[in-house]
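Working notes, structure below.
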Amino acid sequence: MSKYHFNEIEAKWQKHWAENQTFKAENQSEKPKYYVLDMFPYPSGAGLHVGHPLGYIASDIYARYKRHQGFNVLHPQGYDSFGLPAEQYAIQTGQHPAKTTEENIARYREQLDKLGFSFDWSREVRTSNPEYYKWTQWIFIQLFESWYDKDQNKARAIEELRVVFSSEGNIHVNAVCDEGIEHFTASEWLDFSETKKQEILLKYRLTYLAETEVNWCPQLGTVLANDEIVNGVSERGGYPVVRKKMKQWSMRITAYAQRLLDGLDNIDWPQPLKDSQTNWIGRSKGSSVTFNIKDHDAKIDVFTTRPDTIFGVSFMTLAPEHDLVSKITTAEQKEAVENYIEATAKRSERERMADVKTITGVFTGAYAEHPFSGEAIPVWIGDYVLAGYGTGAVMSVPCGDQRDYDFAKHFNLPIPNIFKDADISEEAYSDKENTIITNSDFLNDLNYQQATEKIIAALEEKGVGEGKINYRLRDAVFSRQRYWGEPFPIYYKDGMPHPIPTECLPLRLPEVEKYLPTEEGEPPLGRADDWAWDEKQLSVVSCQLIDYETVFPLELNTMPGWAGSSWYFFRYMESEKRDEVFASKKALNYWKNVDLYIGGSEHATGHLLYSRFWVKFMHDRGLVPVEEPFKKLINQGMILGESAFVRKLNYNNSEVPPIFISNKKFLKESKAKEEEKSIVDYEFKFSKLFDKYLGENRKIQVTMGTLDLHTDVAFVNNSNELNIEEFKNWREDYKIAEFITEEDGSFKVSREVEKMSKSKYNVVNPDDICSQYGADTLRMYEMFLGPLEQAKPWNTAGITGVHGFLKKLWKLYHSGENESFYVSDDSASKDSLKTLHKTIKKTQEDIEHFSFNTSVSSFMIAVNELISQNCNSREVLEPLAILISPYAPHISEELWNKLGHSESISTAPFPKFEQKYLVESSKEYPISFNGKMRFTLELPLDLSKEEIESAVMAHEKTAQYLEGRTPKKVIIVPGKIVNIVG
RNA sequence: GCUCGAGUGGCGGAAUUGGUAGACGCGCUGGAUUCAAAAUCCAGUGUUUUAGGACGUGCGGGUUCGAUUCCCGCCUCGAGUACCA
């Protein structure tokens, strides 16, 4: 055994760790706890590429480091295994999504296992397992059985609300609930039928059914949450999304808007991520104002952030979807308004977004009354006002708001100026800081701050408005018209939803013969034969038995992907009594929350917001001891792929096979810049190739010069040369292709950095890297690429540097005869101890700052130094193995074993840094003249400033650089620099 | 448009408090070894030069004895968000 046989070593230790459960966490320990978690992976069919494990490697290094530091570490892994792709695949192939999910997980696991992660697999979680989703359903029922009390600022049991209703009605109830709930007294409540009571309670529940405008994606056949839509199309698949009114389950996340915002101050997350949650929640401060409508008993409520500009209102604008539109529109305007509404409804969300410039709108014929001046204000509708934000109506102040200004200009509406000395001839004046209000009755000569205070007081006194905080955040739609998700534990009785008793959970996903909606347009669960709830038998029975007396239909929608991922981090804490509780009190109190969470930034407004919401809710109801799930969070940057392109001559003739030209040759021939001209040259130069197929007399039409086509990076070597044979066999029509190569017969491709993706053929598989270089090399190289949080391109060629390092490390421990293992028990040299201790210091600092790339460099430096020092001392080589073990656990474990240890290296304490080995007696001072370093001078460190100065001034080179001048000033920073000015 | 982040050799990147810019690695050049190749080892490698130097961290200013680092004004790229009243 002399060489570094990484494949054998890695397989051996992976097996050993699994068999010995080396990384199993205990729920009881003398040690302090530390919980390291990776964002929940979705097991996609494509498997892992080298970009995926980046975060896992970082978290694994940290977890291993914490173990060395004496922590009881929980580092689990599992799968977010419900979701659209498996279902889409099921629709296409008829295979049960459970089966494909199972296969994907197996493949994922196999790939993960090869990388040597220190996961505690005994706590694995899969969201699609009934034993898991039983508790997702259970939490849903807890939400259903809760309401939000604004006075106590927390969620409470719905039973407590019933008690309040029975004793005093709902007049004093200050809850987050549906709009426009009618007041009732205690006696009225008691007289209501049970159905009526349920109907009212539903308006208060934290998860509720309501007719809402939803994002409907016809191609996916389901609704989508706001965060699942990117640029007006679905995040998955890129299909169009339209707005549609549907009865859906929603989550009253808006109740938590302020707490979700405030909580951000207490968690250690990247600022951009906090910013995007802050923006998503979108808090704005202002006031509500109510406008009466002339000759009508309707009122228009608006929200404004600039109540101080109320005397600048010259018109009102309602969203086309606003409820009042049909009521207040006059007979003369009816046709115009209806045409407009029809036209805007046809425009898709995407069109509306793309076309912000075009101003459209129409007058309703109605007039509102100014609450202070009594003036008549025309009421318009326009699609720049969004139905979903605020009240769906604005008071338009064209002098102060650019959109109102543009609208006014376009329709020739008056633009009264209420700002002192402001020029509004070209654009609105929106500078709050320098505002002085004028032409505004009692607000004249006040600044923004004063006017705002005064007007809000006036509004409140008159009873036509009040100070108000508005949030952009909407309640989250929770229903999906899909099969592969958690069934709602709900059945319908008299049209009202009822939860099935919690002891009957889980409500298992039924079998269906097809994963498509029914002919009636119901979700796939509508195809299930046995999907009715029998209240007497407490079980799921055949739909045929539905009698609406004891047997009722079950909910047909399923829960969205984020249901299972909003609480999974608690499930890992519990390893034993998973049947009895979602997680036991003991486990929850021991592990509390996730100390370190690593994952991509794409979950900023989805998973990371919903989880925080659920945790706050669960905390309110006493289910968990913490209010925030993730104390510290790190976003790992994406690893980008290096796509390879082959250049193909472009011409319109099917008789000629594809002709590819080597990139280097192409650049040379085309003289890089004059591409257009070079096309003619090709025609001439390579005409022989065409002649072969067309005969000499026929000229081919060249349309566009050349085309760059993606080729699989697997066919390209480190020198950018294409393996022509493999490429030819790739596609049927390439088999007969012609290649214009370099003089030496090679064919060069061009490269470009792009996102790593199957469709770009630039995916690098970690399995290949592992078999060629080993997992330790892959782990280290991924870290070595650059800072964890930054995006960086993958370049397989560079991996040899890290691999070479591990070989050198191996050699350092194999300095015996015939490269046999050898360490001596002699004490180490001063230099070696210095190398060791500076590396301990650096590694520790780097890991704590998540600067893993720089510690890999410091290992390289250390090993280079120790080799040149011929170090073979146990005193240095033992601690060195521990330092490296979080990064390269297999080789370290092997070396540790060879050093004579029977316990895993992961149990070894982290080496202690000792300053005394780094103490220097002298320093090589850089001597600068006017800030420019000219030479260095070695001087003892204990010299005083004066002694340093005289030593420097006495040096012969000093005189040389001074060229006879007398220095004006000599700056001396002991231990750092000397700078001579003059 | 707004918010945030980033610009350093041929490439990935380092410089943790304002103190020797380019650590470490890739690539490249030359050499050793080899029948040859791979592997390994040694030396060199920011640009420029009249070989003294000069220039150099996106651009233009400023503060300082000294700026990749701090301040002001721009430019470019990336990410998120988008009629939010």
Side-chain angles (χ1 to χ4, degrees), chain A residues 230-232 270-276 278-280 282-284 286 302-306 309 317 319 352-353 355-357 359 382-386 388-397 400-404 406-407 470-473 601-602 604-605 635 637-638 642 718-719 751 753 780-781 784-787 789-805 807-808 811 842 845-846 848-849 851 853-861 864 924-936 960 967-973 975-982:
Chain A
V230 178
N231 294 328
Q271 197 56 41
L273 208 139
K274 286 189 183 183
D275 289 344
S276 81
T278 304
N279 293 336
W280 191 261
R283 181 186 200 265
S284 47
V302 301
F303 171 76
T304 175
T305 55
R306 294 295 303 272
T309 63
T317 316
R352 216 165 135 167
M353 267 168 34
D355 180 26
V356 173
K357 292 274 167 326
I359 295 160
D383 70 357
Y384 81 95
V385 178
L386 304 175
Y389 183 76
T391 61
V394 300
M395 60 174 222
S396 302
V397 183
D401 181 286
Q402 194 57 43
R403 288 154 308 164
D404 296 343
D406 295 339
F407 194 86
N470 198 48
Y471 299 93
R472 197 187 81 120
L473 183 71
S601 56
E602 67 273 18
T605 51
N635 287 131
M638 211 187 316
E642 256 205 322
N718 289 345
S719 313
R751 292 276 197 164
V753 171
M780 279 212 147
Y781 186 55
F784 187 65
L785 280 177
E789 308 196 49
Q790 249 173 52
K792 57 236 155 205
W794 175 267
N795 174 12
T796 305
I799 204 167
T800 54
V802 171
H803 190 61
F805 157 74
K807 284 199 217 165
K808 280 197 222 168
K811 235 165 111 178
K842 176 89 176 122
E845 283 168 1
D846 284 345
E848 275 160 19
H849 290 107
S851 173
N853 54 326
T854 49
S855 38
V856 177
S857 301
S858 69
F859 295 146
M860 291 175 171
I861 294 168
N864 288 342
E924 184 134 317
Y925 277 95
I927 313 298
S928 302
F929 291 79
N930 296 318
K932 280 180 184 137
M933 209 280 285
R934 295 301 179 185
F935 63 93
T936 58
Q960 186 190 322
K968 284 189 199 127
K969 206 165 158 190
V970 180
I971 303 208
I972 292 162
V973 185
K976 293 254 165 146
I977 52 110
V978 175
N979 189 14
I980 298 164
V981 189

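Side chains are part of it too, since the values below use all heavy atoms of this structure and drop only hydrogens, waters and symmetry mates. Here is the naming used below: chain letters follow the sequence lines, and residue numbers restart at 1 for every chain.
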For the side chain of [X] and the backbone of [Y], is there at least one donor-acceptor N/O pair under 3.5 Å apart?
X       : Y       : answer
N470(A) : S284(A) : no
K792(A) : P787(A) : yes
H803(A) : I799(A) : no

Scan every strand shown for a Watson-Crick or G-U wobble partner of [N], both distances under 3.5 Å, and answer none if you come up empty.
N      : result
A51(B) : none
U3(B)  : A79(B)
G18(B) : none
C70(B) : G62(B)
G56(B) : none
G30(B) : C42(B)
G25(B) : C11(B)

Take atom [atom1] of [X] and atom [atom2] of [N], then tell me their distance rounded to the nearest Å.
X       : N      : atom1 : atom2 : result
K932(A) : G56(B) : NZ    : P     : 8 Å
M780(A) : G13(B) : CE    : P     : 19 Å
N279(A) : C4(B)  : CG    : C1'   : 9 Å
E845(A) : A23(B) : CD    : P     : 21 Å
M860(A) : A23(B) : CE    : P     : 14 Å
N470(A) : C84(B) : CG    : P     : 13 Å
M638(A) : G80(B) : CE    : C1'   : 12 Å
N864(A) : A23(B) : CG    : P     : 13 Å

Would you tell me if any nitrogen or oxygen in the side chain of [X] comes within less than 4.0 Å of OP1 or OP2 on [N]?
X       : N      : value
R403(A) : C84(B) : yes
Q790(A) : G5(B)  : no
S284(A) : A85(B) : yes

With the 90 degree cut-off around zero defining syn, does G52(B) come out syn or anti?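 Syn conformation for G52(B).
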Syn or anti for G30(B), given that syn means the glycosidic angle lies within 90° of 0?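 It is anti.
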Distance, P atom - from G78(B) to G27(B), rounded to whole angstrom: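 Those two atoms are separated by 29 Å.
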Within this structure, what is the [atom1]-[atom2] distance for the pair [X] and [Y], rounded to the nearest 0.5 Å?
X       : Y       : atom1 : atom2 : result
I980(A) : R934(A) : CD1   : CZ    : 11.0 Å
I359(A) : Y384(A) : CD1   : OH    : 9.0 Å
T278(A) : L273(A) : OG1   : CG    : 9.5 Å
M395(A) : T391(A) : CE    : OG1   : 11.5 Å
N635(A) : Q790(A) : CG    : CD    : 13.0 Å

Just to be sure I understand the rule, does K842(A) reach a base, reach only the sugar-phosphate, or reach nothing, if contact means heavy atoms closer than 4.0 Å?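 Base contact - K842(A) has a heavy atom under 4.0 Å of at least one base atom.
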Select base, sugar-phosphate, or nothing to describe what Q402(A) touches, counting heavy atoms under 4.0 Å on all strands.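 The answer is nothing, as Q402(A) stays clear of every strand by at least 4.0 Å.
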Do [X] and [Y] make a side-chain contact, defined as non-hydrogen atoms from C-beta onward lying under 4.5 Å apart?
X       : Y       : result
Q271(A) : K274(A) : yes
W280(A) : R472(A) : yes
D401(A) : R403(A) : yes
F805(A) : Y781(A) : no

Counting side-chain heavy atoms from CB outward, which of [options] is closest to [X]?
X       : options                : answer
I861(A) : A85(B), C4(B), C24(B)  : C24(B)
Y389(A) : C84(B), U3(B), U20(B)  : C84(B)
M933(A) : C83(B), A21(B), A85(B) : A21(B)
D275(A) : C24(B), U3(B), U16(B)  : U3(B)
R934(A) : G53(B), A85(B), G13(B) : G53(B)
H849(A) : G13(B), A85(B), U16(B) : U16(B)

Given RNA chain B, 5'-ward residue of the pair S928(A) and N853(A), judged by closest heavy atom: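 That would be N853(A).
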Toward the 5' end of RNA chain B, which comes first, Q271(A) or G801(A), by nearest nucleotide?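 Comparing both residues, the 5'-ward one is Q271(A).
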Under 3.5 Å, which N/O atoms of the protein pair with N/O atoms of nucleotides 65-68 of chain B?
residue, atom, partner, partner atom, Å
C65(B), O2', N979(A), ND2, 3.2
C65(B), O2, N979(A), ND2, 2.6

Between the protein and nucleotides 36-43 of chain B, which nitrogen or oxygen pairs come in under 3.5 angstrom?
none

